[in-house]
Amino acid sequence: MYDHYDGLIFDMDGTLVNSEPAHRQAWTQVLEKHRLTFSFEQMIALNGAPSWKIAHQIIVANDVTLDSSQLAAEKERYLDKILLTNSALLPLIGVARHYHGRLPLAVGTGSSHAMADRLLTHHGVRHLFEVLVGADDVQHHKPDPQTFLECARLMGVTPEKCVVFEDADFGLRAAKAAGMDAVDVRTL
């Protein structure tokens, strides 16, 4: 089905791994601790963004004086405790398994490189992907195309010959800005 591409790029959270509930649970812990509010809809609108960017939006929405990097780090500490046991592979992993060894495969995620590596390894699928680009591997995050362009560069594939699998509007915009085709996995 995707044989006409030279490289496949996958988002991770919500695309390959059902980790969104764990992310939300971690954010809920942080919000409750600091007596902050941020709606489910506001959180969904930021799917695919790195934690520090979400933390910044939470701080702005609550009009408080907190450090976004510290708030994000706090969320990541909570997440670290629950992610491996509160996540599962999603059906799209079958596409990666099918194309492993046939085409170069990459993961381009808004999660940190280390977290993504640990999560994919825990689920026994890290070996499927030659390339992993996390939020800390780039300066500009989704919806900026840098994550996906870096994936293509590291795979040695021109962007126009890549397809991106994404579950978030930010990621779909990033794929389009990179000149890549995109599959909205929410419609599969």
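Owing to the predicted nature of the structure, the values given are computational and were not obtained by experimental measurement.
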Shortest non-hydrogen contact from [X] to [Y]?
X      : Y      : value
Asp181 : Ala175 : O-CB, 4.5 Å
Pro143 : Arg173 : CG-NH2, 3.4 Å
Lys75  : His23  : NZ-ND1, 2.7 Å
Gly171 : Phe148 : O-CE1, 3.3 Å
Ile9   : Ala152 : CD1-N, 4.2 Å
Ala178 : Pro159 : O-CB, 3.3 Å

Discussion item. Which residues pass the side chain to side chain donor-acceptor pair (under 3.5 Å) test with Thr37, not counting sequence neighbours?
Written reply: Asn62

Response to the item:
With sequence neighbours left out, the residues meeting side chain to side chain donor-acceptor pair (under 3.5 Å) with Lys33 are Glu74

Item to complete: Any chance you could measure Ser112, atom OG, to Asp137, atom CG, to the nearest 0.5 Å?
Response: 9.0 Å

Discussion item. How long is the straight-line distance from CG of Asp136 back to CE of Met115, given to the nearest 0.5 Å?
Written reply: 10.5 Å

Discussion item. Using the rule side chain to side chain contact (heavy atoms under 4.5 Å, CB included), only one of Gln70, Glu76, His141 pairs with Trp52; which is it?
Written reply: His141

Practice prompt. For residues Phe165 and Tyr2, establish whether the separation of their ring centroids is below 6.0 Å.
Written response: yes

Going by atom types only, do [X] and [Y] share a side-chain donor-acceptor pair under 3.5 Å?
X      : Y      : value
Asp13  : Ser111 : yes
Thr28  : Gln25  : no
Arg102 : His98  : yes
Ser87  : Asn18  : no

Worksheet entry | Lys142 bridged to Asp11 by N-O distance under 4.0 Å | yes

